[in-house]
Amino acid sequence: MYLKSLEISGFKSFARKSSLSFTTPITGIVGPNGSGKSNVAEAFRFVLGEQSIKSLRGKRGEDLIWNGGGEGAGGSGVARSNRAEATLVFDNSRRVFPSIDFDEVSIRRVVHRDNSNEYLLNGSQVRLKDVVELLAGAHIGATGHHIISQGEADRILSASVRERREMIEDALGLKIYQWKKQESLRKLEKTDENVAQVESLRREIAPHLRFLKKQVEKVEKAEEMRRELVAACKEYFAAEERRLAEERGRLSRALAGPREELARLDGELERAKAILAASKDKDQKSGEVIALEGRLAHARAEKDAVTRDLGRLEGEIGARARSIEREKERQKRDEFRTVYLKDVESLVATIEPLPSVAEAVGLLKAFVARHRGTDDSALVGEAEKEIAALAGEKAALEEKLAAIASSEAKLVQEYDALKRAIEKEKDVDRDAEKDVFRVIALQNEARSAVARLDDQLKALALDEEAFKRDLGEAGMAGGREATLYDALPAGQAPAGTQEQEARRKGIERLKVRLEDAGASGGAEVMKEYRETEERDAFLARELEDLGAARRELTALIADLDARIDLEFKQGILKINAEFQAYFSMMFGGGRAELSVVREPKRRKKTDVEELSEALSVEEHGERSTEEEEEGPEGLEVSVSLPRKKVKGLMMLSGGERALTSIALLFAVSQVNPPPFIILDETDAALDEANSRKYGDMIESLSKNSQLILITHNRETMSRAGVLYGVTMGADGASKLLSIQFDEAVKVAK
Ligand code: ATP
């Protein structure tokens with residue numbers, strides 16, 4: 001036995017806390033009309049999670065709460081409650097609720113006046129869903145197939161084929177599979193939504209990804225170009241640096257010669273100029289020449305005058321000499337006069353030391369005169385005296401002349417020397433002049449060589465500036481890397497200017513191409529591309545996962561469908577065996593059967609079609625009219641009574657209809673016994689004979705399920721182990737009490 005007790009308080013007419021213990025397989029609840037018996041059955045439905053207030057005979061949740069009773073005889077009304085609650089306690093020692101590891105399971109539901117509900121499982125608050133799932137696992141379904149309310153006995157007969165199928169599925173415990181299937185379908189739907197969403201995301205990404213890919217290709221191409229540029233720059237700069245250095249070396253070496261030459265020429269020029277400057281004192285020499293010439297002329301004039309004087313003197317002397325001659329010729333005759341040798345020798349001794357001839361002559365003459373010793377000799381003496389005077393004069397003049405001649409000779413000598421000096425100076429000047437011209441010419445040559453080299457240096461400086469500029473530009477275009485060139489190895493010859501020019505042009509072309517590529521922000525593009533690609537790959541994986549999930553779900557659904565179908569059909573076979581047995585027991589024969597039906601017009605479907613249709617029914621929840629026409633798979637009840645020709649449910653009387661539905665309910669309960677069954681006056685329409693049969697069936701049913709029977713039927717009461725009587729006092733509140741059979745019979749009336 002699973003059911004232990006029910007406690008209700010504030011629920012409908014049960015104002016006070018009331019409890020029922022279910023200690024026997026069959027519990028009977030009896031009482032007069034309107035005392036509150038059905039409220040007990042409803043308390044079961046309520047606590048099991050019934051959501052339809054209407055099926056609990058109310059409009060709102062509030063209608064379930066004790067609303068205060070009418071003022072009774074004693075005037076002691078019970079005030080209305082704020083809440084209605086019911087607690088159902090199960091024995092779980094055999095783990096009918098396998099998920100709960102307690103020997104007792106209590107389920108409590110509370111409804112408040114604000115229509116809010118609480119569910120408690122062993123005192124802990126849970127969700128309705130938890131309660132429903134817990135119960136489904138113990139074959140206590142929400143359709144309430146095991147709680148047959150008053151007047152609802154033939155609900156299974158009056159239901160549509162589809163509703164009937166649902167009720168039977170529930171009773172067979174297939175609901176749990178249905179829920180699983182519903183859940184799988186919901187998941188499938190969610191999966192499909194996700195697939196659509198992911199696909200749409202991928203479609204959204206696709207053009208951007210394509211665009212980014214193109215950008216990345218551009219960036220990569222640009223990067224390749226940049227690397228090419230870097231390589232070209234390194235090569236160019238290394239060679240250029242070397243070329244410039246060598247050019248500078250060559251030029252400075254080349255300049256050294258002409259510069260030295262210029263310095264040397266400067267010295268030379270200075271010297272030549274100095275020489276020229278020195279020749280300025282040649283005017284002084286000219287003056288000297290003129291002076292000398294003057295003196296020479298003077299000397300010559302003097303000489304001429306002296307010579308003239310000498311001539312005159314010589315004339316006078318000649319005249320005198322001739323007179324003497326004449327005298328002498330006269331005296332010649334006296335020539336042979338003798339003179340003493342001693343006188344002559346004395347004369348010689350006198351003359352010899354004399355310096356001048358004239359003196360000597362005078363002495364000689366005197367000597368002679370003395371030796372003549374005549375008067376005539378006075379004249380001769382006079383003349384001789386005069387000649388001697390003239391001779392003296394002449395000697396003086398001759399002396400003078402000699403002196404003049406000697407001074408002239410000196411002057412001439414001086415003059416010649418001066419002349420020669422002047423001539424010589426003239427030669428030196430000419431050489432210096434020539435030197436000046438030559439040096440100036442050489443200087444010009446050297447200067448133009450220097451100028452040429454200077455021009456080349458200037459061009460080199462421009463090249464060096466261009467080199468620096470190029471480095472900067474290369475850095476801008478190709479990054480710092482492009483400027484980090486290695487110096488050319490020592491031995492390697494630098495590239496020629498032409499080769500460098502070609503490289504330079506190549507670099508310029510690369511720069512332009514790089515600029516045209518317009519692949520700026522490369523890193524960001526690459527990053528975005530990678531991220532987008534990763535996202536796309538992630539989405540692709542997601543799609544694969546979703547596809548796998550979808551396949552799994554579809555397989556699971558097909559599996560569940562197959563299981564439901566199989567168990568349903570097997571269940572129907574078993575139910576039909578029990579149904580037939582109960583039916584023939586009730587009616588003493590005849591035939592009763594549940595059959596799976598479809599719309600008669602419909603052609604026979606293949607299994608696959610059946611499955612897909614079943615799936616689509618589950619998916620859409622309800623069928624469209626069109627589909628309805630095609631016909632769902634439902635359950636039909638066909639009966640034929642013994643000894644009667646009429647067939648079909650429509651032809652049954654009220655009693656027959658009640659018996660048939662009881663037979664079917666019991667058959668279903670027999671195949672898959674629920675833990676408990678509540679029957680609210682299901683036996684109301686039975687006559688005495690059928691009441692007994694009903695009683696027998698109840699007893700056989702109670703072997704597998706606990707029964708709670710609300711009844712006015714004496715026969716039924718007699719089968720109950722415990723009986724509860726429900727009464728209602730003047731205050732309108734129901735009261736519960738355990739009673740004996742005899743009392744029960746009385747109470748029930
Ligand atoms: P019968 O034998 O005729 O089927 P019953 O014993 O099954 O009758 P119920 O239908 O269970 O009687 O009880 C109905 C009674 O419960 C009515 O008197 C009704 O006024 C009372 N009732 C229902 N709801 C409330 C409520 N919220 N507060 C007070 N009383 C209520």
Side-chain angles (χ1 to χ4, degrees), residues 52 55 132 136 139-148 152-185 557-580 582-583 591-602 604-605 607 609-639 648-650 657 660-674 677:
S52 159
S55 81
V132 171
H139 296 299
I140 308 169
T143 55
H145 62 92
H146 55 300
I147 303 175
I148 307 300
E152 269 201 345
D154 74 340
R155 190 158 69 107
I156 194 157
L157 294 187
S158 52
S160 72
V161 288
R162 167 119 195 100
E163 284 165 350
R164 196 177 294 129
R165 181 186 164 127
E166 266 179 34
M167 289 159 83
I168 299 293
E169 274 183 351
D170 194 6
L172 285 171
L174 299 179
K175 216 62 201 173
I176 188 111
Y177 299 135
Q178 292 286 15
W179 279 332
K180 280 187 185 163
K181 183 176 152 183
Q182 292 297 341
E183 205 178 301
S184 299
L185 282 167
I557 289 163
D559 211 48
L560 285 167
D561 270 328
R563 192 155 176 177
I564 290 166
D565 196 54
L566 183 73
E567 289 194 15
F568 180 69
K569 279 172 181 154
Q570 283 175 349
I572 293 296
L573 283 177
K574 285 184 199 159
I575 289 168
N576 271 338
E578 296 292 329
F579 188 24
Q580 177 62 42
Y582 280 119
F583 187 84
R591 295 202 55 77
E593 190 186 25
L594 278 178
S595 49
V596 179
V597 291
R598 290 174 189 283
E599 198 62 28
K601 279 180 204 163
R602 293 171 68 229
K604 180 110 178 73
K605 285 194 169 178
D607 287 349
E609 281 174 321
E610 271 182 30
L611 173 68
S612 76
E613 188 179 90
L615 274 173
S616 98
V617 170
E618 295 300 342
E619 263 175 22
H620 301 297
E622 58 181 59
R623 284 164 185 263
S624 65
T625 320
E626 208 182 328
E627 278 171 335
E628 190 72 52
E629 276 172 11
E630 278 189 358
E633 198 175 63
L635 278 177
E636 202 171 62
V637 184
S638 47
V639 292
L649 292 175
M650 301 298 287
R657 202 176 161 84
T660 305
S661 59
I662 289 164
L664 182 53
L665 283 174
F666 285 13
V668 171
S669 302
Q670 197 76 343
V671 168
N672 192 35
I677 300 171

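Every value quoted in this text rests on a predicted model; they were computed, and no experiment measured them.
I557 CD1 to K181 NZ: the interatomic distance, rounded to the nearest 0.5 Å, is 7.5 Å. With values rounded to the nearest 0.5 angstrom, Q178 atom CD is found 7.5 Å from E166 atom CD. R164 CZ to M167 CE: the interatomic distance, rounded to the nearest 0.5 Å, is 8.5 Å. Considering CD1 of I575 and CD of E593, their distance stands at 12.5 Å, rounded to 0.5 Å. Interatomic distance, D561 CG to Y177 OH, rounded to the nearest 0.5 Å: 13.0 Å. The CG atom of L157 sits 5.5 Å away from atom CG of L649, with the distance rounded to the nearest 0.5 Å.
Here R657 pairs with D154 under the salt bridge (charged side-chain N to carboxylate O under 4.0 Å, His left out) rule; sequence neighbours left out.
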Criterion side chain to side chain contact (heavy atoms under 4.5 Å, CB included) on R591 and Q580, from CA distance to verdict = CA-CA 6 Å; R591 295 202 55 77; Q580 177 62 42; 4.0 Å; yes
For this session: For the pair I168 and L174, evaluate side chain to side chain contact (heavy atoms under 4.5 Å, CB included) and give the outcome as yes or no after the intermediate values.
Result: CA-CA 9 Å; I168 299 293; L174 299 179; over 6 Å; no
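The backbone N or O of L594 lies less than 3.5 Å from a partner atom in the side chain of N576, making a donor-acceptor pair.
Summarising the geometry of S669 relative to P674, their closest heavy-atom pair is O-CD, 4.0 Å, with the distance given to 0.1 Å. Closest approach of E578 to V671, counting heavy atoms only: CG-CG2, 3.9 Å. Closest non-hydrogen pair, G173 versus N672, comes out as N-ND2, 3.3 Å. E567 and L172 get closest at one heavy-atom pair: O-CD1, 4.4 Å. Between A667 and F579, the closest heavy-atom pair is CB-N, 3.3 Å. Closest heavy-atom contact between R165 and L635: CA-CD1, 3.8 Å.
Between R563 and D559 there is no salt bridge, since none of the side-chain N atoms of the basic residue sits less than 4.0 Å from a carboxylate O of the acidic one.
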